[in-house]
> 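Attaching a single structure in structure tokens format; questions to follow.
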Amino acid sequence: MATGANSANPAPAPGIRVLLVDDQELIRAGLALVLSGEAEGESGDEPPIEIVGERSDGDEVVAAVRSLRPDIVLLDIRMARMDGIDAMRALARQGGYPPVLVLTTFSDDDALWGVIAAGAAGFILKDRPADDIIAAIRLVAAGGTWLDPSASGRLLAALRAAPRGDPALRRRIQRLSDRERQVLGAMARGATNQEIATALRVSERTVKAHVGSIFLKLEVRDRAGAIVAAFDAGLASALRPGT
């Protein structure tokens, strides 16, 4: 008796399509090399990663996203004609753009606030090990947030020092339940949904529901936006352990 093709040869998991934008050819070549093994699906059950396009400046991003339809944009901050922040703002004006993972260096600390405020789903240092870069791409493509641990502390310090107290943001923050504030605090400390579920002794599905409710009430699109909104509203206590 013949076995159906679908049961004998299950379709491979759809790949993660990456648009790589960096003005340094050497950086692009290095990242392409890092991801080349992932294109063959060497991570077992994980979907393969494929670079579907490379661009050398921010002013090429909008057209590339429109034509290539990537799942994620890996974007440099510093470029000659248009930097990463302005490129993200241009994408936002188009609407419906894919998540953006920003490539940064230690000297870019002053730009991290602008990156997060512009809607980035995360940032990672260029000299991170290959496994970290791959993990960041997978997490952001799946809808998560990646804050590089070497720079996230300085970013949070900058957020604490930034002017805040927007009345509209405060009103949105007040919509959160006590449990949602706990979840927001854990998100700000970099916890995954699974880690939050374990800490709060609830199911991961429940945590996902809380996260969705937080996004809706704060009128943001992702975890990074929720954290920025909380700091802008002066809700520092929600981001401390134990609250």
Side-chain angles (χ1 to χ4, degrees), residues 15-22 27-28 30-32 34-35 38 43 46-51 61 65 70-78 84-85 87-88 91-92 97-109 111-159 183-199 204 207-208 211-212 214-215 218 220-231 239:
I16 298 172
R17 297 167 54 83
V18 178
L19 171 63
L20 173 58
V21 185
D22 195 293
I27 294 291
R28 296 200 306 273
L31 287 168
V34 163
L35 300 177
E38 297 300 307
S43 299
E46 296 281 7
I49 295 174
E50 176 189 6
I51 295 181
V61 171
V65 166
D71 298 309
I72 177 174
V73 179
L74 196 55
L75 180 66
D76 188 18
I77 293 182
R78 308 290 185 185
I85 295 174
M88 291 180 58
L91 279 174
Y97 61 95
V100 175
L101 176 63
V102 169
L103 293 166
T104 183
T105 66
F106 280 110
S107 63
D108 286 327
D109 280 2
L112 292 181
W113 166 267
V115 163
I116 297 301
F123 56 87
I124 187 165
L125 296 180
K126 290 184 177 182
D127 60 358
R128 275 292 170 197
D131 287 348
D132 285 357
I133 294 173
I134 291 166
I137 290 172
R138 293 193 184 283
L139 181 62
V140 170
T145 296
W146 184 284
L147 302 181
D148 193 288
S150 296
S152 58
R154 295 192 301 280
L155 174 64
L156 292 179
L159 287 172
V183 171
L184 176 58
M187 286 165 50
R189 296 189 293 275
T192 65
N193 286 350
Q194 184 176 10
E195 290 168 342
I196 297 171
T198 299
E204 190 172 351
V207 172
K208 288 180 179 179
V211 171
I214 290 168
F215 291 172
L218 297 186
V220 297
R221 56 176 284 168
D222 54 30
R223 294 167 103 90
I227 295 167
V228 170
F231 272 107
L239 307 183

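The first residue of the sequence shown is numbered 1, and numbering continues consecutively from there.
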> Could I get the full list of side-chain contact (heavy atoms from CB on, under 4.5 Å) partners for Leu139, not counting sequence neighbours?
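With sequence neighbours excluded, Leu139 shows a side-chain contact (heavy atoms from CB on, under 4.5 Å) to Trp146, given in chain and number order.
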> Compare all side-chain heavy atoms of Val100 with those of Ile72 and state whether any distance is below 4.5 angstrom.
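They are not in contact (no side-chain heavy atoms under 4.5 Å apart), so the answer is no.
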> Side chains of Val21 and Leu74: closer than 4.5 Å at any heavy-atom pair?
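Heavy-atom side-chain distance check fails, nothing below 4.5 Å.
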> For the backbone of Pro47 and the side chain of Arg138, can you confirm whether one donor and one acceptor N or O come within less than 3.5 Å of each other?
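A pair under 3.5 Å: yes.
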> Nearest 0.5 angstrom please: Phe123 CZ to Thr105 OG1, how far?
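Between atom CZ of Phe123 and atom OG1 of Thr105 there are 12.0 Å.
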> Using side-chain hydrogen bond (donor to acceptor under 3.5 Å, both in side chains) as the criterion, list what pairs up with Arg128, not counting sequence neighbours.
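Partners of Arg128 under the side-chain hydrogen bond (donor to acceptor under 3.5 Å, both in side chains) test: Asp148, Ser150.
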> Going by salt bridge (Lys or Arg N to Asp or Glu O under 4.0 Å), name the residues that satisfy it together with Arg28, two or more places apart in sequence or in a different chain.
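Salt bridge (Lys or Arg N to Asp or Glu O under 4.0 Å) list for Arg28, sorted by chain: Glu54.
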> Search all heavy atoms of Val34 against all heavy atoms of Ala130 and return the closest pair with its distance.
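For Val34 versus Ala130, the nearest heavy atoms are CG1-CB, 3.6 Å.
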> Any non-hydrogen side-chain atom of Ile214 less than 4.5 Å from a side-chain atom of Val220?
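Contact flag for Ile214/Val220 side chains = no.
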> Please name all residues satisfying side-chain hydrogen bond (donor to acceptor under 3.5 Å, both in side chains) with Asp71, sequence neighbours left out, ordered by chain then number.
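If we apply the side-chain hydrogen bond (donor to acceptor under 3.5 Å, both in side chains) test to Asp71, skipping adjacent residues, there are no hits.
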> To the closest 0.5 Å, what do you measure between CG (Leu103) and CD1 (Ile27)?
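Leu103 CG to Ile27 CD1: 8.0 Å, rounded to 0.5 Å.
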> If I take atom CG from residue Leu101 and atom CG from residue Leu75, how far apart are they, to the nearest 0.5 angstrom?
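Spacing of CG (Leu101) from CG (Leu75) equals 9.0 Å.
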> To the nearest 0.5 Å, what is the distance between NZ on Lys126 and CG on Asp22?
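Here the rounded value is 4.0 Å.
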> Counting C-beta onward and ignoring hydrogens, is there a side-chain heavy-atom pair between Ile124 and Ile133 closer than 4.5 Å?
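Yes, their side chains come closer than 4.5 Å.
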> Determine the minimum heavy-atom distance between Pro99 and Ala141, stating which atoms define it.
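It is CG-CA, 4.5 Å.
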> For Pro70, what residues pass the side-chain contact (heavy atoms from CB on, under 4.5 Å) criterion, not counting sequence neighbours?
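If we apply the side-chain contact (heavy atoms from CB on, under 4.5 Å) test to Pro70, skipping adjacent residues, the hits are Leu19, Val52, Val65, Leu68, Val73, Pro98.
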> First locate atom CD1 of Ile77, then atom OG1 of Thr104, and finally report the distance between them rounded to the nearest 0.5 Å.
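It comes to 3.5 Å.
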> Taking all heavy atoms of Met88 and all of Ala120, pick out the closest pair and write down the distance.
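Between these two residues, the closest heavy atoms are CE-N, 2.9 Å.
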> Say you draw a straight line from CG of Leu125 to CG of Asp132; how long is it, rounded to the nearest 0.5 Å?
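The CG atom of Leu125 sits 9.5 Å away from the CG atom of Asp132.
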